[in-house]
Amino acid sequence: MRPELLAPAGSPDALRAAVEHGADAVYLAWGAFNARRSAQNFSEEEFAGAVSYCHIRGVKVFLTLNILLSDRELPDAVETARRACRLGVDAVLVQDWGLFFLLRRTLPDLPLHASTQMSLFTSGGAQEAAADGCQRVVLARECSGGDIAAICQNSPVEIEAFVHGALCMCYSGQCAMSALIGGRSGNRGRCAQPCRLPYGVNEAAGTQYPLSLKDNCLAGHLNELADMGVSCLKIEGRMRRPAYVGTVVDIYARLLDERRGPTPAEQALLEDAFSRSGFTDAYWHGTHGPEMFGVRPENAREPETLPTAKTEGRVAVSFRGTVKQGQPCALTARDEAGHSVTVTGPVPETARTRSLTPEDVCARLQKTGGTPYRCTDAFAEVDGGLSLSASAVNALRRDALDALSDARSAPPVRRELPEPVLPELDCSAAAPEFTVSAEDFRQITPELLALRPARVSVPLEQFAERAALMDTETEWCVALPRVWRDRDERELRQMLEHARTLGAAGVLVGNLGHLPLVRGLDFRLYGDFGLNVFNSFSLAYLRDKGLSSACVSFELRFAQIRDLRKILPVEAIVYGRLPLMLTENCLVQNSGGCHCGDSNILNDRTGAAFPLLPAWGHRTEIENSRVLWLADRPDFRRLGLRYARLRFTTETPAECVQVCRAYLDGAPAPGPFTRGLYQRGVE
């Protein structure tokens with residue numbers, strides 16, 4: 001079956017370009033709560049007009065509400081979704097768990113799509129989203145063709161895949177680089193694109209761009225995507241001009257209709273529309289490397305002119321007319337979606353010269369030029385000896401098409417239920433207990449354990465090596481990889497089972513796909529920072545999923561953490577290098593040799609040095625250049641936190657012990673540090 005072609009609509013002009021050139025659906029923003037807040041976007045009046053315009057033409061409209069939301073913002077976001085639902089929007093894209101929780105309960109008939117910002121890339125994650133009420137899952141851009149095929153085969157939910165446009169260096173939803181460096185959060189729709197700047201890997205920043213990926217182009221793989229069962233093919237580009245949208249949509253629609261790959265001329269048109277040193281399809285092939293990277297010259301021009309629009313009517317319509325003596329003439333119009341309307345006109349007169357024939361009526365009914373419709377079938381039953389002017393038949397046709405447009409654009413009837421109330425629970429604490437997470441099992445020593453952290457976690461793959469240190473006072477947990485694939489799950493499950501036999505009591509859950517992976521193993525589940533908990537209703541969602549606590553986003557301010565309704569025990573990171581990016585590419589290998597186990601650094605133009613840590617699957621995690629230090633700030637102890645985490649990454653074992661003691665004593669920082677975003681917050 002032909003997949004749906006989904007186009008970006010960052011403005012009303014871009015929307016028209018998408019529809020006129022063959023898009024089956026568009027995604028757009030209305031209001032402040034979307035991941036492209038710098039785009040022109042739509043006013044309420046424009047949004048209502050866009051929904052009507054698209055639905056008349058058989059095009060779906062998806063609203064993007066795909067950012068993290070604070071408690072204060074949630075009511076307005078829900079109201080935005082409610083008004084969009086009343087206007088007939090076809091689906092809403094969501095990242096935030098709290099908004100997802102609320103929309104499922106207040107607007108149960110409104111389809112929800114799991115945004116790529118939810119960081120879903122496995123069958124288990126897609127299945128979990130489906131079980132919670134998602135109609136569609138937008139997969140991470142890093143998924144290979146094999147990954148996508150496996151998820152399509154195993155998931156009872158529509159799958160949407162990106163096929164064209166910009167690639168983020170970090171897994172969507174897991175990037176904090178823009179937020180921590182400049183206060184503009186990618187999770188809040190304000191990304192400043194620091195990945196497009198020059199950096200140096202283990203050398204000074206110069207003319208290299210090791211974080212700037214070429215644009216994605218899967219124009220040559222559309223048949224494969226269709227055959228594996230992908231429901232929707234997504235073009236990225238809500239910041240792009242209408243000419244870009246029209247050009248790319250025009251080519252992709254033609255390739256889908258004709259089931260072929262692009263010609264050299266079409267490939268050149270795609271590159272001219274917008275590219276960064278050409279395109280890449282490496283992720284599709286499951287490969288990586290420096291050839292994936294490119295930049296956009298500052299003087300590069302985007303096309304100003306649109307390709308010729310598809311002027312023929314998009315919507316097939318059939319007519320059935322009757323012209324009876326002594327009765328008003330009548331016309332019924334039907335479309336392929338099952339809409340049927342009937343209108344009436346004047347009573348025909350007796351013919352004075354030539355009588356009206358069925359052929360005359362049908363010929364006039366077929367003149368649908370300048371409308372969204374094309375007549376595919378016309379039939380007329382006409383009594384003999386009657387006359388009806390051409391203008392009357394034309395008016396009848398216009399009235400019928402107007403009525404059909406009203407029927408096609410009428411919003412569906414959907415339930416609106418009262419908003420749920422948070423349970424009367426208070427899991428806050430007068431002062432938090434310290435927990436420890438370690439990047440390297442060697443950082444956990446008897447000296448550190450003697451300081452009695454409430455909980456210690458190490459990477460799952462390293463746990464067996466630390467089992468000998470376990471005692472009865474400290475709860476030991478394993479941290480699952482933040483990114484993995486279906487093919488890893490058998491090995492991960494075996495390691496989880498082994499860790500359980502060795503005495504591990506808990507698991508850090510940082511992704512929706514972790515839940516089916518750990519189900520049935522009798523672990524306590526603790527939400528990790530990768531879940532991006534930003535509001536009280538996110539805590540409600542995770543409580544319903546069976547979690548025992550949740551680590552909140554480090555993009556929240558102290559005041560926002562304090563005001564959370566703590567219906568679940570809350571943890572916050574209070575020490576350590578905060579993670580900026582998690583990348584599918586190994587930056588060290590791309591720089592000329594694989595020595596990931598050594599000390600590696602990414603340097604920016606200011607001289608800041610960001611440690612590069614190896615991650616599961618030969619991936620890279622980029623850490624902040626300065627450690628977060630709050631030991632001497634009593635603020636975090638008065639927020640109602642149950643746990644305060646010390647996150648160890650590059651520290652020596654001795655330094656880990658020193659930090660623990662400093663936090664117990666409330667000592668000042670021994671060197672350069674940052675207070676993170678807890679005071680200044682993010683845009």
Ion pair present between [X] and [Y], side-chain N to carboxylate O less than 4.0 angstrom?
| X | Y | answer |
| --- | --- | --- |
| Glu266 | Arg260 | yes |
| Arg398 | Asp402 | no |
| Arg485 | Glu584 | yes |
| Glu236 | Arg141 | no |
| Arg2 | Asp257 | yes |
| Asp272 | Arg301 | no |
| Lys214 | Glu291 | no |

Crowding at [atom1], [X] (>12 non-hydrogen neighbours, <6.0 Å):
| X | atom1 | value |
| --- | --- | --- |
| Glu336 | CD | no |
| Glu45 | CD | no |
| Gln366 | CD | yes |
| Arg296 | CZ | yes |

Over 60° means perpendicular and under 30° means parallel, so classify the ring planes of His164 and Tyr244, tilted if in between.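 The rings of Tyr244 and His164 sit tilted, inter-plane angle from 30° to 60°.
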Backbone of [Y] reached by a side-chain donor or acceptor of [X] within 3.5 Å:
| X | Y | value |
| --- | --- | --- |
| Ser185 | Ala179 | no |
| Ser591 | Val201 | no |
| Asp90 | Val61 | yes |
| Arg190 | Arg184 | no |
| Ser409 | Ile56 | no |
| Arg619 | Trp616 | yes |
| Arg241 | Val245 | no |
| Asn223 | Arg259 | yes |
| His21 | Pro307 | yes |

[Y] side chain reached by [X] side chain, heavy atoms, under 4.5 Å:
| X | Y | answer |
| --- | --- | --- |
| Val19 | Arg314 | yes |
| Gln174 | Asn532 | yes |
| Val230 | Ile148 | yes |
| Arg16 | Pro242 | no |
| Pro210 | Phe293 | no |
| Val92 | Leu99 | no |
| Glu46 | Trp30 | no |
| Leu139 | Val137 | yes |

What closest approach, in Å, do [X] and [Y] show between heavy atoms, and which atom pair accounts for it?
| X | Y | result |
| --- | --- | --- |
| Pro262 | Ala219 | CD-O, 3.5 Å |
| Gly246 | Leu306 | CA-CD2, 3.8 Å |
| Val157 | Ala126 | CG1-O, 4.0 Å |
| His514 | Pro481 | NE2-O, 2.8 Å |
| Leu110 | Arg414 | CD1-NH1, 3.8 Å |
| Cys170 | Leu582 | SG-N, 3.2 Å |

Applying side chain to side chain contact (heavy atoms under 4.5 Å, CB included) to Glu683 and Arg188, what does each step give before you reach the verdict? CA-CA 7 Å; Glu683 292 183 40; Arg188 302 269 294 156; over 6 Å; no
State the [atom1]-[atom2] distance between [X] and [Y], to the nearest 0.5 angstrom.
| X | Y | atom1 | atom2 | value |
| --- | --- | --- | --- | --- |
| Tyr199 | Met169 | OH | CE | 10.5 Å |
| Arg397 | Leu331 | CZ | CG | 9.5 Å |
| Leu404 | Asp335 | CG | CG | 5.0 Å |
| Glu160 | Ser115 | CD | OG | 9.0 Å |
| Asp281 | Asn216 | CG | CG | 8.0 Å |
| Glu142 | Trp284 | CD | CH2 | 15.0 Å |

Given Glu128 and Asn511, is the side chain to side chain contact (heavy atoms under 4.5 Å, CB included) satisfied, shown in steps? CA-CA 10 Å; Glu128 200 75 14; Asn511 186 280; over 6 Å; no
Quick one: do Glu4 and Arg136 satisfy salt bridge (Lys or Arg N to Asp or Glu O under 4.0 Å)? Show the steps, please. CA-CA 12 Å; Glu4 176 181 272; Arg136 178 181 293 180; 3.0 Å; yes
No-hydrogen, no-angle side-chain donor-acceptor test under 3.5 Å, [X] and [Y]:
| X | Y | result |
| --- | --- | --- |
| Ser212 | Arg196 | yes |
| Glu489 | Trp484 | yes |
| Asp486 | Ser123 | yes |
| Asn187 | Gln95 | yes |
| Asn66 | His113 | no |
| Ser144 | Asp147 | yes |

Test side chain to side chain contact (heavy atoms under 4.5 Å, CB included) on Tyr171 and Val483; report intermediate values, then the result. CA-CA 9 Å; Tyr171 273 82; Val483 172; 3.4 Å; yes
How far apart are the C-alpha atoms of Thr64 and Arg238, what are their side-chain angles, what is the distance that settles it, and do they pass the side chain to side chain contact (heavy atoms under 4.5 Å, CB included) test? CA-CA 11 Å; Thr64 57; Arg238 273 192 289 150; 3.2 Å; yes
